[in-house]
Q: 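This structure is in structure tokens; I'll ask about it shortly.
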Amino acid sequence: MTTLAERPDVERAGSARRPSRFRSDRTTIYLLLLPSLLPILLLSVFPLLRGIYLGFTDARAGRNVEVSFTGLANYRELLGDELFWNSFKIGLLWAVGVTVLQFLLALGLALLLNQQLRFRGVARVLAVVPWAMPPVVVGILWKLVYHPDAGLINEFFHRIGADGLRTNWLGDFSTALPAVIIVGVWAGMPQTTVVLLAGLQGVGRELHEAAAVDGASTWHRFRHVTLPALAPVIVAITSLDFIWNFNSFGLVYVLTAGGPGGKTMLPMLFAYEEAFRYGNYGYAAALGNVMVVIIVALLAVYLRRRLREAN
Amino acid sequence: MFGKPSRTSRTLQYLALAGYLIFLGFPLVWLLSTAFKPPRELVRLHPTLIPDNPTVQNFVQAFTEQELGRAALNSLQVSLASAVLTVLVAMPASYALARFRSKLGTAALGWVLLSQLFPFVLLIIPIFLVLRQVGLANTHAGLVLIYVVWALPFALWMLQGFVRNIPRELEEAASVDGATRVQVLRRVVFPLLAPGLVATALFSFISAWNEFFFALVLIKTPELATLPVALARFVGIEGTARLGPLAAGSLLATLPSLIFFAFMQRRLSSGSLAGAVKG
């Protein structure tokens, strides 16, 4: 170290504690960052800003050159658009339903996997496989399970002598949304389980032991030791899950394409149809803007409540 | 939770675990079973869980007759190109992010979190317009560009973590011995970074392989379609008899990410990667 410190160029950087010729001159940093930042700026940040702008224009397929600024016209139209309200309602039902169910189920599974149980290994593997599947494949898999003639579920009801329960799960008005929600839970549960399991393994064993010695029941230990320690992880994963679910597209596109009769028309599916079937770019972009605002608003409310509870 | 659980609570735990195994496992078994059923069993009124005469002809059919073979090849090309490009582009930046403090770097990492919030529909229209203006709409090159940019934020995040794990002292020692910056990077940093580079490449390969929305919108020529798009189109024209090839194709489409997950298992179960892989 002394020989190092004697070098003149090192002495100048001495206060930074990091000697060497790799002194952080600005030009080098920018040169290193450029190949990444340039594409991100051009194909991610810029399109995003342009997308926000498009939401205030009457951009349409085929005449995108003469886009004119129309202010809030798109938003006024959205307010009066029944299809928008429908997709918004469906989107909320779906996102809340999937997020809550998948959280509860994942918490249960994570608690089980945290125990010394037999078959734990099998469950761990099974819990990860849906995660590894491309969303389109998950959609296809469940289309096979729900298939009215050749499907697993209808055949199960036949075998137990409950033929009356057989139905076209994805095609029936009353069952379509619950059916796709179950698929969403199946697909999203693994990731949530893994995150919660990682969180559980960080919960101190000593606290548990102390609480057990004090005679606290399993439920009390869970309620007053595990849950508070897990709270930050829970807030983070449920918020992310909610956003992902609210924005999801591929899974439901493959399962129902929004049908029957719009019963599973998520906002993204609605926006996709508006943009690429009817060519209403401006209108679809406006819908995207509204979704961002809604997500941010809902998250702000949720996070504030959770944080207050945690304090 | 802890201590010796009673016999009843053990029984309840096993019952719950059985419930999970059924919920998670049965759909998978059904997919496997359908993929191995011969046509006669697929159109049977009451399907069975285990095929009577299992066959691999669905797999053969999926990739010979059904256009899925070409789609798989397209997916392979696009995903490989995305993986290689992502790593090449991310490597210098991740080094800068790990070794130097800069506002720009912090902003880049912050973008990771922000970009998770935005619905793709907000990005897809302007991206579609940009690609069309430069003549890259409906091309694999355009799709690769999007996938690289899409994978970059997380790739940077991941790779700079790997760089941080390389002790700075190694670089300093080499530079004291008279190595130039380039030599230090090539002889010291890159070899130690190899596992990180592989992980990053795999991550971007898988996110490109699984991606559906951009491919659906940007690729219009059926011959250029990637596997998820081809499979989704195939669902639309399904008859009961074609469920077999569909299931077989789906299984094959899952293989790369299954291998990825097996490879990354330990990092995934520690939760550190858990936020990254989302379709």
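Below, read A as the first sequence line, B as the second, and so on, with proteins coming before strands; counting in each chain starts at 1. Note that this is a predicted model, so its numbers are computed, not measured.
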Q: Return the minimal non-hydrogen interatomic distance between A:Pro135 and B:Asn210, and the atom names on each side.
A: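 A:Pro135 and B:Asn210 have their closest heavy atoms at CD-O, 4.0 Å.
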Q: Taking the side chain as every heavy atom from C-beta outward, state whether B:Phe23 and A:Ile182 have any atom pair closer than 4.5 Å.
A: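 A side-chain contact exists here, since the closest heavy-atom pair is under 4.5 Å.
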Q: I'd like to know which of A:Asn289, A:Leu105, A:Ile295 tops the heavy-atom pair count under 4.5 Å against chain B.
A: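 Ranked by contacts with chain B, first place is A:Leu105.
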Q: Which atom names give the shortest non-hydrogen contact between A:Arg159 and B:Pro47, and what distance separates them?
A: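 The pair with the smallest heavy-atom distance is NH2-O, 3.2 Å.
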Q: B:Tyr14 side chain to A:Arg118 main-chain N or O, any donor-acceptor pair under 3.5 Å?
A: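 At least one qualifying donor-acceptor pair exists.
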Q: Work out which heavy atom in A:Leu112 is nearest to a heavy atom in B:Ala16; give both atom names and the distance.
A: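 Closest pair (atom of A:Leu112, atom of B:Ala16, distance): CD1-CB, 3.7 Å.
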Q: Hey, does B:Leu145 have a side-chain heavy atom less than 4.5 Å from the side chain of A:Pro39?
A: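 No, their side chains stay 4.5 Å or more apart.
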Q: Can you say whether A:Val45 sits under 4.5 Å from chain B via the side chain, the backbone, both, or neither, judging by heavy atoms?
A: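 A:Val45 touches chain B through backbone and side-chain heavy atoms alike.
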Q: Looking only at heavy atoms and a cut-off of under 4.5 Å, which of A:Val136, A:Leu287, A:Leu42 has the most pairs with chain B?
A: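 Top option by heavy-atom pairs under 4.5 Å: A:Val136.
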Q: Where does the angle between the aromatic ring planes of B:His46 and A:His158 fall among parallel (under 30°), tilted (30 to 60°) and perpendicular (over 60°)?
A: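 Geometry flag for A:His158 against B:His46: parallel rings.
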Q: Return the minimal non-hydrogen interatomic distance between B:Ala247 and A:Leu144, and the atom names on each side.
A: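 B:Ala247 and A:Leu144 have their closest heavy atoms at CB-CD1, 3.9 Å.
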Q: Considering only heavy atoms and a distance below 4.5 Å, find which of B:Ile127, B:Leu28, B:Leu156 pairs most often with chain A.
A: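 The answer is B:Leu28.
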Q: Do you know which of B:Pro27, B:Pro228, B:Ala96 has the most heavy-atom pairs under 4.5 Å to chain A?
A: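 Max contact count across the listed options: B:Pro27.
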Q: Could you tell me if the ring centre of B:Phe26 sits under 6.0 Å from that of A:Phe156?
A: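 For B:Phe26 and A:Phe156, the ring centres are not under 6.0 Å apart.
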Q: Do B:Arg99 and A:Leu32 have side chains that approach each other closer than 4.5 Å (heavy atoms only, starting at C-beta)?
A: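 Result no, sub-4.5 Å side-chain heavy-atom pair not found.
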Q: Without swapping roles, check the side chain of A:Ser36 against the backbone of B:Val89 for a donor-acceptor pair under 3.5 Å.
A: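 The answer is yes, because a donor-acceptor pair under 3.5 Å joins these two groups.
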Q: Of the listed residues (A:Pro190, A:Gly55, A:Ser248, A:Gly151), which shares the most heavy-atom pairs with chain B below a 4.5 Å separation?
A: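 Heavy-atom pairs under 4.5 Å are most numerous for A:Gly151.
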